[in-house]
Amino acid sequence: MGIIHINKVKYEYIRRDEENNVEGITTAVDGVSLAVEPGEFIAILGHNGSGKSTLAKHLNAILCPSEGSVVVDGMDTQDEDHLLQIRQTAGMVFQNPDNQIIGQIVEEDVGFGPENMGVPTKEIWERVEESLKAVGMYEYRSYSPNKLSGGQKQRVSIASVIAMHPKCIILDEPTAMLDPMGRKEVIRAVRALNDVEKITMILITHYMEEVIYADRVFVMDKGKVAMSGTPKEIFSRVSELRDLRLDVPQVTELAYELKCAGLPLPDGILTREELTEALQKVRKMRDRREQE
Amino acid sequence: MLRDITIGQYYSADSVLHRMDPRTKLLGTMIYLVSLFLFDSAPVYALAAVFLGVVIMLSKVPFSYMVKGLKSILFLLLFTVFMNMLFVKGEVIWSFWKLQVTREGLRKSGFMAARLILLILGSNLMTLTTTPTRLTNAMESVMKPLKLIKVPVHEIAMMMSIALRFIPILLDETDKIMKAQLARGADFESGNLIRKAKSMVPVLVPLFISAFRRANDLAMAMEARCYHGGKGRTQMKPLKYAGRDFAAYAVLLLYLAGVIVIGKFL
C-alpha cells in the first residue's frame with residue numbers, strides 16, 4: 001500500500017484580466033502520475049517553473065488538481081471532510097523560513113500545529129519536547145525565531161511539522177534561501193528523521209547534492225516527469241540532465257568529463273570516495289599494463 | 001539599528017508582579033485607572049500614590065525606568081496644568097495683565113497633574129511587567145464574553161500576536177529597502193515635511209508588496225498546519241490563576257474600598 005498516489009494530475013493556473021475574462025492558461029502540472037511507498041525518501045528535481053512546487057502543494061490539499069486525483073493515505077484531497085486529517089498526515093515545510101514561523105518563541109511555534117489539532121495541553125508539551133530534540137533544537141526552545149540562523153529556523157519549521165505526528169513530510173525547496181552550512185544542517189536533519197523515525201520524506205529541490213541520498217529521484221520539466229530512477233541511474237545520464245538545464249554534482253561531472261576523455265570509469269559516480277576508488281582502480285590497471 | 005526597538009517595552013525581571021497572571025494585571029490596571037477618576041480629593045490621590053509606589057517596589061522595575069515613561073507626556077502635562085491654572089474662575093490670589101491665577105485653579109491643576117502621572121505610571125507598569133504574548137492571551141480571555149455578540153475575539157488576538165511577530169521582520173526589511181533606494185540615489189533627509197513624506201513612497205510601495213507576499217505565505221503555512229480558526233483549539237500555555245492572583249484581587253478590592261471610604265467621608 002502506497003502512502004501517496006498521484007494519478008494523472010493536471011493543474012492549470014488561469015490568469016484573468018480586470019473584467020474576469022480568461023487571459024491565458026498556464027499548465028503548471030501536466031499529467032503526472034507517481035506513487036510513494038511508506039518510509040521512502042523521494043526527491044523531486046527541476047529548474048524554476050518546472051511545476052515541482054505546484055505539485056508539492058497538491059500533496060497536502062493546498063491546491064486541488066484540475067484533472068486527475070491525489071490520494072493521501074487512502075483519502076482523496078478533494079474530499080473536504082478529510083482536509084484536516086490529510087494535512088496532519090502529510091506535513092509541509094516551505095521555502096522561506098521567516099514566513100512560516102507563527103509563534104514568537106520557538107516552542108510556541110512548534111506547539112501551534114498540535115494546538116490546532118486540539119491535542120491536550122500536557123501532550124502538546126511532550127510533543128514539543130520530542131520534536132525539538134529530534135532536530136537538535138531543544139536548547140533553543142525559549143529563543144525568539146528572529147535570533148536564529150536560516151538553517152536553525154528551517155529545523156524549527158521541520159520540528160513544527162513533526163509535532164503533528166505526520167506519516168509523510170513534504171519539503172518544498174527548504175534550502176533555497178540558506179547558505180551552504182544551513183543547507184547541510186537541514187539535509188542532515190531530514191535524513192536522520194527518515195532513517196530513525198521512518199517518516200516518508202518528499203524533498204523538492206534544485207540542488208543536486210541533496211538528492212544523492214534519496215531512494216528515488218524524479219526529474220520534472222514543463223509540468224511532466226522527464227526522468228525517474230535511483231540517483232545513480234539519473235546521474236549517469238549527464239547529457240540529458242544538461243538538456244533539462246540541471247547541473248549534476250561536481251564529482252559526477254568530473255567523472256563524466258574524464259570518461260569522455262577516454263578513462264574507463266563507471267557511470268553515475270555520486271561521491272568523492274567513489275571517484276577516488278574508481279581512479280585508483282584505473283591506475284592499478286595502467287601500472288599492470290606497463291609492467292607487462 | 002531599527003531591529004533593536006523593543007515592542008511593549010517589557011522589562012525582564014523575576015518578581016511577584018512578573019509571575020502574576022496577565023488577566024489579573026489587566027483587570028487590576030483597569031480598576032486602578034477607574035479609581036483615579038472616582039473622587040477629586042487629596043487624600044484619595046495620596047492613597048493611590050502610596051498604593052502604586054508599593055506595587056512598583058514589588059515589581060523590581062527601577063524607579064528611573066518608570067519616570068522615563070513620563071517624558072513622553074511632559075508637554076501634555078504642562079499644558080493641562082497651565083490651562084487649568086489660568087482659566088478656572090474663583091478666588092484670585094495672583095494676577096498679571098489679563099491672566100489670573102485662582103485658588104480653585106491651583107487646586108484643579110494639581111489634581112489634574114497627579115491624575116495624569118498616576119494614570120501613565122499605572123498603565124506603564126502593566127506593559128513593563130507583562131510580555132506582549134501574555135498580554136494578547138489575557139485580552140483574548142478577558143474579551144471572551146464578547147463572543148456572544150459575534151465579536152471574533154480569537155481572530156483579533158491571533159492577528160495581534162502575528163503582528164507582534166512580524167514587526168521586527170518588517171522593520172528589518174524597511175531598513176534593507178531604504179539602503180537599496182539610497183544606493184540608487186534616493187534622498188530621505190533634505191526638504192520640508194511634505195517632500196520628506198513624498199520621498200517615503202519608494203520605500204512604502206516595495207514594503208507593502210513584500211508584506212502582502214509574506215501574508216500570503218504565512219496564511220498557507222498556517223493552513224498547512226491545520227489552522228482553522230479558534231474552534232476545537234487547545235492551548236499550549238493556558239492561563240491559570242494561582243494563589244497570588246486571588247491575593248492580588250483581594251488587595252485590589254481593599255484598595256478600592258479604601259478609596260471609596262476616604263473619598264466619601266473625608
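Values below: all heavy atoms of this structure, side chains included; hydrogens, waters and symmetry mates excluded.
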Within the 4.5 Å heavy-atom criterion, are A:Asp76 and A:His82 side-chain neighbours or not? no
Against chain B, label A:Ile101 side chain, backbone, both or neither, depending on which of its atoms sit under 4.5 Å from a heavy atom there. both
Residues A:Glu115 and B:Lys237 bridged, charged N to O under 4.0 Å: no
Any heavy-atom pair between the side chains of A:Leu178 and A:Glu185 that's under 4.5 Å? no
When only heavy atoms count and the cut-off is under 4.5 Å, which of residues 148-168 of chain A reach chain B? A:Ser160, A:Met164
Heavy atoms of B:Pro202 and B:Gln181 approach each other most closely as O-NE2, 2.8 Å
If one checks every heavy atom of A:Val128 against chain B at 4.5 Å, the contacting part turns out to be side chain
In terms of heavy-atom proximity below 4.5 Å to chain B, should A:Leu84 be classed as side chain, backbone, both, or neither? both
Anything in residues 206-218 of chain B with a heavy-atom distance to chain A below 4.5 Å? Please list those residues in order. B:Arg214, B:Asp217, B:Leu218
Tell me, side chain or backbone of A:Phe112 under 4.5 Å from chain B's heavy atoms, or both, or neither? both
Pick from A:Asn99, A:Ile124, A:Ile105 with the largest number of heavy-atom pairs that fall under 4.5 Å of chain B: A:Asn99
The test is side-chain hydrogen bond (donor to acceptor under 3.5 Å, both in side chains); show your working for A:Ser50 and A:His47 and say whether it passes. CA-CA 6 Å; A:Ser50 62; A:His47 61 82; 5.5 Å; no
May I ask you to check whether over 12 heavy atoms, not counting those of B:Ile194, lie within 6.0 Å of atom CD1? no
List the steps, then state whether side-chain contact (heavy atoms from CB on, under 4.5 Å) holds for A:Glu210 with A:Leu203. CA-CA 9 Å; A:Glu210 294 172 358; A:Leu203 175 68; 4.1 Å; yes
Select, from A:Ala90, A:Ala61, A:Pro145, the one with the greatest count of heavy-atom pairs under 4.5 Å involving chain B. A:Pro145
Can you name the closest pair of heavy atoms from A:Ser53 and A:Glu173 and give their distance? OG-OE2, 3.8 Å
So which of B:Arg233, B:Gln235, B:Glu223 has the biggest tally of heavy-atom pairs under 4.5 Å with chain A? B:Arg233
In terms of heavy-atom pairs under 4.5 Å with chain A, which of B:Cys226, B:Ala224, B:Ala221 leads? B:Cys226
Quick check: does any side chain N or O of A:Thr27 sit under 3.5 Å from a backbone N or O of A:Val29, one acting as donor and the other as acceptor? no
Decide if the gap between the ring center of A:Tyr138 and the ring center of A:Tyr140 is smaller than 6.0 angstrom. no
Examine whether an atom of A:Glu123 lies under 4.5 Å from a heavy atom of chain B, and if so say whether it belongs to the side chain, the backbone or both; otherwise answer neither. neither
Please flag which part of A:Gln95 lies under 4.5 Å from any non-hydrogen atom of chain B: side chain, backbone, both or neither. neither
With side-chain hydrogen bond (donor to acceptor under 3.5 Å, both in side chains) as the criterion, how do B:Tyr255 and B:Tyr32 come out once you've worked through the C-alpha distance, each side chain's angles and the decisive distance to 0.1 Å? CA-CA 9 Å; B:Tyr255 161 75; B:Tyr32 184 74; 4.8 Å; no
What's the verdict on side-chain contact (heavy atoms from CB on, under 4.5 Å) for B:Ile162 and B:Met222, showing C-alpha distance, side-chain angles and the deciding distance? CA-CA 11 Å; B:Ile162 287 174; B:Met222 287 171 76; 3.9 Å; yes
Is A:Asp109 in contact with chain B via its backbone, its side chain, both, or neither, using a 4.5 Å heavy-atom distance? both
With a 4.5 Å cut-off on side-chain heavy atoms, are A:Leu34 and A:His5 touching? no
Correct closest heavy-atom pair for B:Met66 and B:Leu128 would be SD-CD1, 3.6 Å
B:Asp14/B:Arg19 salt bridge by N-O under 4.0 Å criterion: yes
Does any heavy atom of chain B fall under 4.5 Å from the side chain of A:Lys122, the backbone, both, or neither of them? neither
Per-residue contact mode, A:Asn60 against chain B (heavy atom under 4.5 angstrom): side chain
Is there a side-chain contact between A:Thr121 and B:Met236, using heavy atoms and a 4.5 Å cut-off? no
